[in-house]
Structures are given as C-alpha cells and as structure tokens.
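Fair warning: this is a prediction, and the values are worked out from it, not measured in the lab. So you know, we letter chains A, B, ... as the sequences are listed, proteins then strands, and number each from 1.
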2 protein chains.
Amino acid sequence: MLRISKLTDYATLLLMHMARAPFETHSARGLAQRSGLPPPVVAKLLKLLAREGLLTSQRGAAGGYGLARAPERISMAQILAAVEGPLAVTECALGRGVCDMEKGCATRPHWQLIGHALQVALDAVSLADMTVPRAATVRLQRLEK
Amino acid sequence: MLRISKLTDYATLLLMHMARAPFETHSARGLAQRSGLPPPVVAKLLKLLAREGLLTSQRGAAGGYGLARAPERISMAQILAAVEGPLAVTECALGRGVCDMEKGCATRPHWQLIGHALQVALDAVSLADMTVPRAATVRLQRLEK
DNA sequence: ATCAATAGGACTGATTAAGTTCTATATAGT
DNA sequence: ACTATATAGAACTTAATCAGTCCTATTGAT
Ligand code: FES
Ligand code: FES
C-alpha cells in the first residue's frame with residue numbers, strides 16, 4: 001500500500017548519484033550508464049526534475065544537469081512531489097464537487113490530517129540523508145515519540 | 001502523490017458508518033443504501049474486510065457484518081493494509097532479487113525508514129478519531145515535534 | 001422449503017504508469 | 001560555418017493496476 005512509483009524510485013537513485021559530485025554537471029547518457037537504467041527513462045526523468053526546479057540544466061555540447069541546491073536542502077517530499085505531483089491522499093481532499101459521495105462523507109478533513117503527517121515524515125529525510133547509511137534514523141525516531 | 005485507492009476511501013467510509021452503531025450487525029444492502037455506494041462494491045469490500053479480520057460476519061438470514069473490535073482499536077494503518085496489502089513503499093523494499101537494479105542502489109534501507117515513519121503516522125489515527133472532527137489533531141501535532 | 005444473507009472467484013472495462021520515439025533547440029569546439 | 005553533443009518537449013505505445021460487475025455456492029432463520 002502507499003507504494004511510490006518506480007519513476008520516483010529511479011529519480012531518487014539518479015539524484016543520489018549526482019549527490020556524490022554535487023557541484024559537477026552530469027549528462028543523461030553518463031547517468032544512465034552509471035545507474036543501469038534505460039537511457040530514455042533517465043532522459044525523461046532528468047527533464048522532469050529540471051522543469052520542477054530540482055536540477056539546473058545546461059544545453060549544448062559539454063552541457064548536462066546539476067543539482068539546483070545542496071543535497072541537504074533537497075527533501076524526499078520534494079522529489080516525490082516533483083515526479084508524482086502534489087501530495088493529495090484522496091482525490092477529493094482538496095476541493096468540493098470533485099467527488100460524488102460528498103454528502104454523507106465526513107472523511108475529508110481527516111484525510112487532510114493524515115496527508116499532513118505523511119508530508120512531515122517525508123520532509124524529515126533529505127537527499128543527503130539517503131546517501132549516508134542510517135543518517136536519518138535519529139531524526140525519524142524523534143518523530144515517532 | 002501517495003494517493004490511496006478509492007476502495008480504501010470507500011472502506012473507511014463504510015467502517016465509519018458502522019462505528020456509529022459499533023455493536024450491531026449491518027447488512028451489505030443496508031450499508032450500500034446509507035453510504036450511496038454501488039451495492040456490488042460494498043459487498044466486495046465487506047467480504048474483504050471480514051477476511052482480513054477487521055469485521056466479523058454472520059451468514060444467513062438476519063446475518064450481517066459487525067466491527068471486530070472497538071473503533072478506538074482500529075487504526076487507519078490497519079484499514080489501509082487490509083484493502084491495499086502490506087505497506088511497502090518500494091517494490092524492492094522487502095527482499096532481494098525482486099529488483100533489477102540492486103547493484104549500485106543503496107536506497108533500500110532508507111525507503112524502509114520512510115515506510116516506517118508513514119506507518120507510525122497512520123497508526124496514530126483510529127477509526128474512532130475519524131468519526132469525531134479534529135479528534136486526532138492533537139495526537140498528530142505531537143508527532144510533528 | 002424458502003428467503004435473505006455472506007463467501008468466493010472469475011470476468012470486463014477504465015484508468016494510470018511505464019517506457020519509447022521523434023523533432024526542435026542550444027552550445028562548445030574546430 | 002559546420003559538426004558533434006547535449007537538453008526540451010511532446011506524442012505515442014504498451015504494460016500493469018484499479019474499479020466495478022456478475023455468477024455460483026453456502027449458511028441460517030422463519
Ligand atoms: S469519498 Fe469523496 S468526499 Fe469522501
Ligand atoms: S531500485 Fe530496486 S533496489 Fe533500488
């Protein structure tokens with residue numbers, strides 16, 4: 001349940017690779033080779049991440065992608081949001097009129113509450129954490145108290 | 001992102017209806033009428049929830065479904081798990097050999113960490129909370145500190 | 001017996017995710 | 001200027017999952 005998409009998993013993987021050399025530019029081809037992912041998928045994802053502001057891009061020969069900011073300042077929540085769109089646990093979490101069963105349904109505010117809790121959990125883990133084993137453990141354990 | 005399925009939303013809705021009379025038995029037909037959901041969907045969901053141990057069932061005339069335990073002791077995490085299967089944020093979060101890109105991928109333990117945080121957030125909200133506006137607010141706010 | 005209820009599974013259609021391909025544009029080096 | 005190498009963007013196809021329906025069997029009260 002609550003499975004993230006493969007694309008998001010891939011995106012995280014790519015960003016982790018880039019985080020090992022945070023100030024250099026990386027080409028889509030090179031990242032595809034290093035990650036083992038299919039080149040078209042890598043290209044698609046990098047374009048998306050650049051559009052969403054997580055990466056900077058430089059066109060032309062000797063161009064490539066670079067992290068838009070330090071790995072510590074890129075959260076998993078941001079990566080999720082970039083690839084899968086804004087967090088909305090239920091379809092009808094945002095506005096009225098979207099859902100047929102609004103009458104007789106009092107769940108909306110509660111789902112929003114849960115959504116917020118998830119957001120907090122995802123914000124607590126940064127890309128930098130992901131590259132360092134057990135880095136986020138302490139912070140997350142504090143969340144659970 | 002991290003959208004729960006409609007079925008899970010429906011299941012929650014049904015359980016909330018039942019929680020208003022926690023000790024009575026409810027028929028699928030009756031719940032379909034009260035909830036406004038299509039009867040076949042309601043029947044399917046109740047069967048599933050009974051199999052998963054969230055509901056008790058009584059066959060035959062005058063039969064029906066009842067909550068397996070008090071609404072306070074049914075968490076949203078349990079409902080999610082019943083309808084959508086066990087929480088696994090990534091496909092390869094559990095075992096080895098599932099995923100092609102295991103070599104060169106160090107994300108697994110971190111995803112497990114995130115998965116655990118989500119689990120905690122979902123465990124903090126009970127079915128009883130869902131029926132009472134703002135009931136879970138305080139508990140969730142404490143989680144965020 | 002009969003009627004009202006759940007149990008289980010098979011099946012279909014709709015929606016979304018995943019992956020590929022093609023064309024256009026920008027830039028460095030020669 | 002030319003060429004090679006890169007990203008930008010969109011359209012398209014296929015695969016997988018979700019949502020919803022339907023049919024048959026079983027159970028139990030009247
Ligand atoms: S099911 Fe959409 S508002 Fe509750
Ligand atoms: S992508 Fe599957 S192990 Fe990382």
Side-chain angles (χ1 to χ4, degrees), chain A residues 1-11 13-14 18 24-33 35-66 68 80 82-85 88 90-92 98-101, chain B residues 1-14 18 24-33 35-66 68 80 82-85 88 90-91 98-101:
Chain A
M1 68 158 174
L2 283 187
R3 208 169 278 98
I4 65 166
S5 73
K6 284 189 192 179
L7 277 306
T8 306
D9 196 1
Y10 299 165
L13 188 52
L14 292 171
M18 296 178 77
E24 295 175 20
T25 68
H26 309 258
S27 75
R29 272 215 314 165
L31 283 169
Q33 284 184 332
S35 65
L37 295 169
V41 173
V42 172
K44 185 186 188 177
L45 276 171
L46 293 173
K47 279 182 249 185
L48 176 58
L49 293 171
R51 237 181 297 161
E52 296 291 325
L54 265 64
L55 298 179
T56 58
S57 65
Q58 181 63 43
R59 283 189 174 193
Y65 295 95
L80 265 278
V83 179
E84 305 191 15
T90 57
E91 203 135 5
C92 35
V98 190
C99 177
D100 303 344
M101 4 234 70
Chain B
M1 67 160 176
L2 283 187
R3 208 170 277 97
I4 66 166
S5 73
K6 282 189 193 178
L7 277 306
T8 305
D9 196 2
Y10 298 163
T12 307
L13 189 52
L14 292 171
M18 296 178 77
E24 295 175 22
T25 68
H26 309 258
S27 74
R29 272 214 313 164
L31 283 169
Q33 285 185 331
S35 65
L37 295 169
V41 173
V42 172
K44 184 185 189 177
L45 275 171
L46 293 173
K47 279 182 253 184
L48 176 58
L49 293 171
R51 237 179 298 159
E52 296 291 324
L54 264 63
L55 299 178
T56 58
S57 65
Q58 181 63 44
R59 283 190 173 192
Y65 296 94
L80 264 278
V83 180
E84 305 191 13
T90 57
E91 202 136 7
V98 190
C99 177
D100 303 343
M101 5 233 70

- [ ] Go along nucleotides 2-15 of chain D 5' to 3' and tag each nucleotide: B for a protein heavy atom under 4.0 Å from its base, S when only backbone or sugar atoms are that close, - otherwise.
- [x] ---BBBBB------
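Straight-line distance from the CG atom of B:Leu49 to the P atom of C:dT6: 13 Å, rounded to whole Å. Look at CD on A:Glu84: it is 10 Å from C1' on C:dA17, rounded to the nearest Å. With rounding to whole Å, B:Asp9 atom CG is found 15 Å from D:dC18 atom P. Rounded to whole Å, atom C1' of C:dA18 lies 12 Å from atom CG of A:Leu37. Across the protein-nucleic acid pair, B:Glu24 atom CD and C:dA5 atom C1' stand 17 Å apart, rounded to whole Å. Whole-Å rounding puts the A:Leu48 CG to C:dA18 P distance at 12 Å. In this structure, CG of B:Leu45 is placed 16 Å from P of C:dG9, rounded to the nearest angstrom. The NZ atom of B:Lys6 sits 8 Å away from the P atom of C:dT16 (whole-angstrom rounding).
Scanning for side-chain hydrogen bond (donor to acceptor under 3.5 Å, both in side chains) contacts around B:Ser57 gives an empty result, with sequence neighbours left out. Residues meeting the side chain to side chain contact (heavy atoms under 4.5 Å, CB included) test with A:Gln33, sequence neighbours left out: none. Considering only residues two or more places apart in sequence or on other chains, A:Lys47 meets the side chain to side chain contact (heavy atoms under 4.5 Å, CB included) condition with A:Ala43, A:Arg51, A:Tyr65. Judged as a side-chain hydrogen bond (donor to acceptor under 3.5 Å, both in side chains), and not counting sequence neighbours, B:Ser27 has no contacts. Remark: A:Glu52 pairs with A:Leu48, A:Ala82 by the side chain to side chain contact (heavy atoms under 4.5 Å, CB included) rule, at least two apart or across chains.
Heavy-atom nearest nucleotides on DNA chain C were determined for A:Pro40 and for A:Leu7, and the one closer to the 5' end corresponds to A:Leu7.
Separating the CD1 atom in A:Ile4 from the CD atom in A:Glu84 is a distance of 6.5 Å, to the nearest 0.5 Å.
Between B:Tyr10 and D:dA19, a side-chain N or O to OP1/OP2 separation shorter than 4.0 Å is absent.
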